[in-house]
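Please read the structure below before turning to the comments.
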Amino acid sequence: MINKKIKRLGILTGGGDCPGLNAVIRGVAKPAMNDHGLTIVGIEDGFEGFVEGRMREISRDDIAGIIGEGGTILGTSNKGDPFHYPSEGMNGVEIVDASQRVLKHYKGWGLDALITIGGDGTMHISNKLGDLGMNIVGVPKTIDNDLEATDQTFGFDTALSIATEAIDRLHTTASAHHRVMVIEVMGRYAGWIALEAGLAGGADIILMPEIAFNWESVMRRVIERSTRGNRYSIVCIAEGAKAADEEIVIRETDVKRTDPIRFGGIGEHVGRRITQETGLETRTTILGHLQRGGSPTAYDRVLATRYGTKAVQLAVNGEFGRMVSLRGLNVTSVTIKEAISKQRLVPVDGEIINTARAVGTSFGDE
Ligand code: F6P
């Protein structure tokens, strides 16, 4: 079937990269080219490239063999929000509205629709571009898994596997030296990676943004464990976790970023304080971008491919302003407006938290 309505389909990856981006690009491009005869226009480096007018047409060769590759063949950026675009002015960096430049490129390249693959920030921008008249279909990406309108974003499963493996490795060295091992994982304001990797890796303490911890409870648990069995503890901590009487620990703020806040440092803070208060030997690991790099898991490859093919169906059917979404076992779609209305945080009295508590995990709040 050759599609009569749209001929040129743009595709862009926005925000931080995430395992599975290339699988989505392939999942879009194959049916779009083969079943609908569309030309795929790849926008380079996310919205930054869109503002600057950088694109290339995607060929069959470009998408061959990329399903298992990390990163994105298009490049990405978390600094190019067209509505708050950083531009070098007389007084240093000025924030300007560059959305009309994006609209000009969209029209100039003859795009009939655009698939945006990204997280929360990308969906907010997509919603505003839709209001300017662009035909947008969104695909939810992020290792943080913090979009309410989908049961799972692709990339999360890979990050979870990497974090779990890291905790497994820390167990053996922690046990050998009878140390407290603190591991800081990503996730911004959501504790999904810390919770699920901590649970899967058998962490003794999980600290996350949704449950403010108290120091006394953390110290009590590590001291208790230091007198039993192998005399070690594993503390899995989300970068956005905070003590009840303190603020979130931030590495830096950068106005050029879509989200100006760069998290990082809570792991070191907790590790230092454990040593000071208990005298126990402590080591801290910051897992960082290892969680985002490399090959996606089989689950993420499949989910990303399903998202990509669904996004093409929506575009071909003229169902714009929608984001593909996983509900239960099915891939469906929701409006982008609905998708950005709420962040998906860990429910504190939910089943997974209760499961972790049932197997003896401390959340530092007892
Ligand atoms: O949103 C994905 C994410 O990996 C967060 O978990 C993390 O806080 C952030 O991006 C890191 O961003 P950057 O790659 O810009 O340091």
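As the structure is a computational prediction, the values presented were derived from the model and not from experiment. Below, each value reflects all heavy atoms present in this structure, side chains not excepted, and no hydrogens, waters or symmetry copies.
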Next item on the list: Flag yes if more than 12 heavy atoms outside Glu247 fall under 6.0 Å of its CD atom; otherwise flag no.
Entry: no
Next item on the list: Report the relative orientation of the aromatic rings in Trp215 and His269; use parallel for angles under 30°, tilted for 30 to 60°, perpendicular for over 60°.
Entry: perpendicular
Notebook entry, point to check: Does atom NE2 of His84 have more than 12 heavy-atom neighbours from other groups under 6.0 Å away?
Noted result: no
Item checked: Non-neighbouring partners of Glu44 that pass salt bridge (Lys or Arg N to Asp or Glu O under 4.0 Å), sequence neighbours left out -> Arg56
Next item on the list: Using the salt bridge (charged side-chain N to carboxylate O under 4.0 Å, His left out) rule, take Lys310 and Glu319 through it: C-alpha gap first, then chi angles, then the decisive distance, then the call.
Entry: CA-CA 11 Å; Lys310 178 72 179 179; Glu319 295 183 63; over 6 Å; no
Notebook entry, point to check: Between the side chains of Thr153 and Tyr307, is a donor N or O closer than 3.5 angstrom to an acceptor N or O?
Noted result: no
Note to self: Let me check something: do Val185 and Ile206 share a hydrophobic cluster, defined by ILVMFWY side-chain heavy atoms less than 4.5 Å apart, either directly or through other members?
What the structure shows: yes
Notebook entry, point to check: Does a side chain donor of either Ser77 or Asp45 reach within less than 3.5 Å of an acceptor in the other side chain?
Noted result: no
Next item on the list: Show your reasoning for whether salt bridge (charged side-chain N to carboxylate O under 4.0 Å, His left out) applies to Asp131 and Lys337.
Entry: CA-CA 11 Å; Asp131 291 343; Lys337 286 198 190 327; 3.2 Å; yes
Notebook entry, point to check: Are Met55 and Ile136 in one and the same hydrophobic cluster, where Ile, Leu, Val, Met, Phe, Trp and Tyr link if side-chain heavy atoms are under 4.5 Å apart?
Noted result: yes
Note to self: Applying salt bridge (charged side-chain N to carboxylate O under 4.0 Å, His left out) to Glu216 and Arg220, what does each step give before you reach the verdict?
What the structure shows: CA-CA 6 Å; Glu216 203 211 319; Arg220 204 183 321 118; 3.8 Å; yes
Check: Less than 4.0 Å between a side-chain N and a carboxylate O, is that true for Arg357 and Asp365?
Finding: yes
Notebook entry, point to check: Do Thr284 and Glu268 get their side chains close enough for a donor-acceptor pair, meaning under 3.5 Å?
Noted result: no
Check: So, are Asp144 and Arg188 salt-bridged, with charged N and O less than 4.0 Å apart?
Finding: yes
Check: Any luck finding a side-chain donor-acceptor pair between Thr297 and Asp157 under 3.5 Å?
Finding: yes
Notebook entry, point to check: Of Ile274, Thr278, Val218, Val180, which is the lone residue that meets side chain to side chain contact (heavy atoms under 4.5 Å, CB included) with Ile223?
Noted result: Thr278
Note to self: Within the 3.5 Å criterion, strictly below it, is a donor on Glu165 or Ser161 matched to an acceptor on the partner's side chain?
What the structure shows: no
Next item on the list: With side chain to side chain donor-acceptor pair (under 3.5 Å) as the test, would you mind laying out the steps for Thr275 and Thr282 before giving the verdict?
Entry: CA-CA 6 Å; Thr275 305; Thr282 306; 3.1 Å; yes
Next item on the list: Following the transitive rule for hydrophobic clusters with a side-chain heavy-atom cut-off under 4.5 Å over Ile, Leu, Val, Met, Phe, Trp and Tyr, establish whether Val137 and Leu74 coincide in one cluster.
Entry: yes
Margin query: For Lys256, is the NZ atom crowded, meaning more than 12 foreign heavy atoms sit under 6.0 Å from it?
Written below: no
Check: Is the CD atom of Glu277 crowded by more than 12 outside heavy atoms at less than 6.0 Å?
Finding: yes
Notebook entry, point to check: Ring centres of Phe47 and Tyr85 under 6.0 Å apart?
Noted result: no
Next item on the list: Could you go through the ring pair (Phe, Tyr, Trp, His ring centres under 6.0 Å) check for Phe154 and Tyr299 one step at a time?
Entry: CA-CA 8 Å; Phe154 73 86; Tyr299 180 89; over 10 Å; no
Notebook entry, point to check: Which is it for Glu184 and Ile266 under the side chain to side chain contact (heavy atoms under 4.5 Å, CB included) test, yes or no, and what are the steps along the way?
Noted result: CA-CA 7 Å; Glu184 180 185 304; Ile266 183 70; 3.8 Å; yes
Next item on the list: Please report the closest heavy-atom contact between Ala194 and Leu207, naming both atoms and the distance.
Entry: CB-O, 4.2 Å
Checklist line | Atom pair CD1/NZ of Ile40 and Lys30 - distance to nearest 0.5 Å | finding: 13.0 Å
Margin query: Which residue in the set Arg344, Gln152, Met208 passes side chain to side chain contact (heavy atoms under 4.5 Å, CB included) when paired with Trp192?
Written below: Arg344
Next item on the list: Determine, for Tyr232 and Arg225, whether the Lys NZ or Arg CZ falls below 6.0 Å from the six-membered ring centre while staying within 45 degrees of the axis.
Entry: yes
Notebook entry, point to check: So does Lys342 pair up with Asp146, basic N to acidic O under 4.0 Å?
Noted result: no
